[in-house]
Asker: 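There's a structure below that I have some questions on.
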Protein chains: 2
Amino acid sequence: MAAARPRQLDIAKLAGVSQTTVSLALNGKTADYGINPETEQKIMDAARELGYVPNVTARALRGGRNRLIGVHAFEPLFPTGRESYYEEILVGIEQGAVRAGHDLVLFTSIHQHTGQANIFHEGRNRLRIADGAIILGFEQHDDELVRLADEGYRFVFVGRRERAATLGPYVSAEYAAAVRDVMSRVHALGHREVAYLGLRDRAEPRLERREGFRAGAAELGMAVVAETWAGAGEVEASWIRQVMDGGATVLLVESTGVLEEVAERVDELGVDIPGDLSVVGLDSITDPSAASHDWTHLLVPRREMGARAVELLLDVLDGRQEPTHHERLNCTFRPGGTLGAPAPGV
Amino acid sequence: MAAARPRQLDIAKLAGVSQTTVSLALNGKTADYGINPETEQKIMDAARELGYVPNVTARALRGGRNRLIGVHAFEPLFPTGRESYYEEILVGIEQGAVRAGHDLVLFTSIHQHTGQANIFHEGRNRLRIADGAIILGFEQHDDELVRLADEGYRFVFVGRRERAATLGPYVSAEYAAAVRDVMSRVHALGHREVAYLGLRDRAEPRLERREGFRAGAAELGMAVVAETWAGAGEVEASWIRQVMDGGATVLLVESTGVLEEVAERVDELGVDIPGDLSVVGLDSITDPSAASHDWTHLLVPRREMGARAVELLLDVLDGRQEPTHHERLNCTFRPGGTLGAPAPGV
DNA sequence: TCAACAATCTAATTCAAATTAGTAAGGCGA
DNA sequence: TCGCCTTACTAATTTGAATTAGATTGTTGA
């Protein structure tokens, strides 16, 4: 049991050379240092014979880097409910890490005891374990992030940019332009009166969508019949009735969860989509097979955002990119069956 | 900007002591070595002031602990499809890690280039960065695991036990007993003729279920009308018809995916569940709201398995548990609406 | 008053690999 | 035959933390 792992020194003894020479040979630097090809061969043979495997830890210690990328969220990463906001982003981060040959560290320890996660829990910054980190989540802990940045720690944000812009690089989606694009498609089909149903929260991605909506309505000369906020379980049939009575022929819905609630209420009213009312979702649909309709909606490139965040972090760490760089990825319009021309009678 | 990471030596200088003393103070060994409480306080203050965090790499090199738990799978952890086998287990692992105050390292780097993941890929064993690892997945890489174990590396398996038993501790579910329990419930309701629909693969958890099924049938004197294997998309209505004609009044289905296919075929046949045929699932249902029926089925405690694996790993690392220990968690029977008494006419 | 001892702390070493600064041996020109 | 340059290597150092083996100072009992 527990046969000691062979070290470079063991190879050196077997080949009758020094540890230095072994290191040089194994790293292909024989030419630079004029190592005899025969010696090199002896070393390689000895290494193979002993089943040598470099010790990552020693290598990392010397090199100053771990090849560890931290992933930090202020909430648990794998929530118990379905429809994890992070899920797709995590898939992207994993793919990015695979490509870059790095491992991921999920900072779970800091969630301990308190429901809240503090980076500087007990006065230590665990994030430092990793070479740099990707920060997810909407919750605001700006003071901690400022301190992190002050300490020279490198990180990249995904999905938000409020304070991020002043603190470090970020990757997010171009929500405003995407929604403006939706508006012009809607306009092109003949719609002139539109309603908007958003979430009650004021997270940046939502605010930007609203910005795009208003800008689009203004530019295209469309009338905003209603702009209303609802939480989960709060969509009311009477509101939809009212909006339609008000002349709206199309409804933009910010969140996918609310979208399904809208479908239920519309069903209750006996209204036809898109015959009586067109409905467009402004977010990705994680599981289209579970959706009630073939929704017309936007695709937010969450997976690409995750993958790009990894690349960006490594670029910053390697000095290939200044730490103020940011990137915005485009959303795609997915045509479905819930956007049509407005009913001619209206 | 980019202030170099503080080392113990920096703390030592600030506090006016040696690096040794700093190390002792930070590791709570002041009592053993008679360090003055005032000195200790000075050191702690200096450490906080500098924002000191131990260097994982140096510690790992020395053989120390890092409060890092590795998670290794031979396949990507976050698969692109829905219905991730790992998902629930990962949730459990995360919860376990949170409770234990440890962080998780997801070993993604080894998936690089080759679709296959080798621990000793490119001659480096990254696992050593973590204190120990939890190993998931069905794929067989026994030679690598044997080597890891020989090197004294500690790990715990989740969900399998074939070779695991000889290599280290494992946590898995008690499938056979659970299925036997299902059989006795079915028997108690009056069923005497039963059919079994399994997956085509021969993974351990499936083999155990079949074992439990056969043992139950034998003990209870029930007739096995059919025992058939199907892959995704291979369930045929004719098979169900045939099985029912053969007298089967209840069908046990190994996998949740196949369960839904069975529902579709049964619908096509105009057969009533459970009036004409009772159906029992032998696996968890991740998203009951997306299920076509209120299935009667087994709950595999995947989340507990993950959480328990973390505890077990730490027990082994701390020497509280011998490294041959294993644990089997019970599955729960979830009564639903798809198991009833057999039709009296039969 | 001196050895013994406790109380406090430190120098030196270790872990495995990478790198810097040399060294030894041989050849060649002047 | 002295000095200089190659060729082909090696000794020593570095990385950050933990540990082993001391070292220093002061106190106390005989």
Side-chain angles (χ1 to χ4, degrees), chain A residues 2 4-43 46-47 50-68 124 128-131, chain B residues 4-43 46-47 50-68 122-129 131 151-153:
Chain A
R5 311 175 43 170
R7 303 156 297 159
Q8 288 189 348
L9 189 61
D10 298 316
I11 301 177
K13 281 178 188 159
L14 189 60
V17 296
S18 74
Q19 178 260 322
T20 307
T21 313
V22 172
S23 172
L24 292 173
L26 293 175
N27 290 295
K29 302 204 173 154
T30 47
D32 306 353
Y33 286 80
I35 304 292
N36 195 316
E38 283 176 33
T39 309
E40 181 177 4
Q41 195 53 52
K42 259 195 301 187
I43 291 170
L50 295 174
Y52 172 78
V53 169
N55 181 322
V56 249
T57 296
R59 207 179 249 188
L61 177 58
R62 189 66 228 266
R65 292 269 287 271
N66 283 335
R67 299 181 81 80
L68 288 179
R124 6 187 90 185
R128 282 238 118 114
I129 281 183
D131 293 338
Chain B
R5 242 183 105 155
R7 302 156 300 157
Q8 289 189 349
L9 191 60
D10 299 317
I11 301 176
K13 281 178 188 159
L14 188 60
V17 296
S18 73
Q19 178 260 323
T20 308
T21 313
V22 172
S23 172
L24 292 173
L26 292 175
N27 291 294
K29 302 201 172 157
T30 47
D32 307 355
Y33 286 80
I35 303 292
N36 195 316
E38 281 176 34
T39 309
E40 180 177 6
Q41 195 52 53
K42 260 194 301 186
I43 292 170
L50 295 175
Y52 172 79
V53 168
N55 180 319
V56 246
T57 300
R59 251 200 203 161
L61 177 59
R62 197 60 229 271
R65 295 271 289 274
N66 277 315
R67 301 181 80 79
L68 286 179
E122 286 182 5
R124 50 199 93 203
N125 168 6
R126 289 276 296 171
L127 291 196
R128 291 219 166 247
I129 280 195
D131 298 339
E151 287 181 358
Y153 190 77

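Letters A, B, ... mirror the listed sequences (proteins, then strands); counts begin at 1. Note that the structure is predicted; figures quoted are calculated from it, not measured.
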Asker: Let's go through V53(B) and R5(B) carefully: what are the C-alpha distance in whole Å and the side-chain angles of both, what is the deciding distance for side chain to side chain contact (heavy atoms under 4.5 Å, CB included) to 0.1 Å, and is it a yes or a no?
Answerer: CA-CA 8 Å; V53(B) 168; R5(B) 242 183 105 155; 4.1 Å; yes
Asker: Could you measure the distance from the OG1 atom of T57(B) to the CZ atom of R67(A)? Nearest 0.5 Å is fine.
Answerer: 12.5 Å
Asker: Of all heavy-atom pairs between N27(A) and R59(A), which one has the smallest distance, and what is that distance?
Answerer: OD1-NH2, 4.1 Å
Asker: Using whole Å, what does the distance between atom C1' of nucleotide dT15(D) and atom CZ of R65(A) come to?
Answerer: 16 Å
Asker: Is there a side-chain polar atom (N or O) of K29(B) under 4.0 Å from OP1 or OP2 of dT19(D)?
Answerer: yes
Asker: Is there a donor and acceptor pair, one atom on the side chain of T20(B) and one on the base of dA11(C), closer than 3.5 Å?
Answerer: yes
Asker: Grab the CG-C1' distance between L26(A) and dT19(C) for me, whole Å please.
Answerer: 15 Å
Asker: I want to verify a distance call: between dA17(D), dC9(D), dA18(C), whose nearest atom is closest to the Y52(B) side chain?
Answerer: dA17(D)
Asker: Between L9(A) (CG) and dC15(C) (C1'), how many Å, whole number?
Answerer: 12 Å
Asker: Are S23(A) and dA18(C) close enough that a side-chain N or O sits under 4.0 Å from OP1 or OP2?
Answerer: yes
Asker: Closer than 4.0 Å, any side-chain N/O of T21(B) to the OP1 or OP2 of dT10(C)?
Answerer: yes
Asker: Below 3.5 Å, does any donor atom in the side chain of T57(B) face an acceptor in the base of dT15(D), or the other way round?
Answerer: no
Asker: Phosphate oxygens OP1/OP2 of dA7(C): is one of them under 4.0 Å from a side-chain N or O of N36(B)?
Answerer: no
Asker: Over all strands shown, is V22(A) touching base, sugar-phosphate only, or nothing at heavy-atom distances under 4.0 angstrom?
Answerer: nothing
Asker: How close or far is atom P of dT20(D) from atom CG of D32(B), stated in whole angstroms?
Answerer: 12 Å
Asker: With distance as the sole criterion, do the side chain of R62(B) and the base of dA17(D) form a donor-acceptor contact below 3.5 Å?
Answerer: no
Asker: Among dA17(D), dA17(C), dT10(C), which nucleotide has an atom closest to any side-chain atom of L24(B)?
Answerer: dT10(C)
Asker: Report yes if at least one side-chain N or O of Y33(B) is closer than 4.0 Å to OP1 or OP2 of dA7(C); otherwise report no.
Answerer: no
Asker: Please walk me through it: do I43(B) and T21(B) pass side chain to side chain contact (heavy atoms under 4.5 Å, CB included)?
Answerer: CA-CA 9 Å; I43(B) 292 170; T21(B) 313; 3.7 Å; yes
Asker: Which nucleotide in the set dG16(D), dC9(C), dA16(C) lies at the smallest distance from any side-chain heavy atom of A58(A)?
Answerer: dA16(C)
Asker: Any idea which of dC9(C), dA16(C), dA17(D) is nearest the L61(B) side chain?
Answerer: dA16(C)
Asker: Rounding to an integer number of Å, can you tell me how far I35(B) CD1 sits from dA18(D) C1'?
Answerer: 14 Å
Asker: Find the distance E40(A):CD to dA8(D):P and express it as a whole number of Å.
Answerer: 12 Å
Asker: Under 4.0 Å from OP1 or OP2 of dG16(D): is there any side-chain N or O of R59(B) that close?
Answerer: no
Asker: Phosphate oxygens OP1/OP2 of dG16(D): is one of them under 4.0 Å from a side-chain N or O of Q19(B)?
Answerer: no
Asker: Return the value, rounded to whole Å, for the distance between atom CD1 of I11(B) and atom P of dC9(C).
Answerer: 16 Å
Asker: Below the 4.0 Å mark, does dT15(D) have OP1 or OP2 next to a side-chain nitrogen or oxygen of N55(B)?
Answerer: no
Asker: In Å and rounded to the nearest 0.5 Å, what is the CG to NZ distance from N36(B) to K42(B)?
Answerer: 8.5 Å
Asker: Reckon T39(B) has a side-chain N or O less than 4.0 Å from the OP1 or OP2 of dC9(C)?
Answerer: yes
Asker: Once you round it to whole Å, what is the distance between P of dT20(C) and CG of N27(A)?
Answerer: 13 Å
Asker: Show your reasoning for whether side chain to side chain contact (heavy atoms under 4.5 Å, CB included) applies to Y52(A) and L26(A).
Answerer: CA-CA 10 Å; Y52(A) 172 78; L26(A) 293 175; 3.6 Å; yes
Asker: Phosphate oxygens OP1/OP2 of dA16(C): is one of them under 4.0 Å from a side-chain N or O of R7(A)?
Answerer: yes
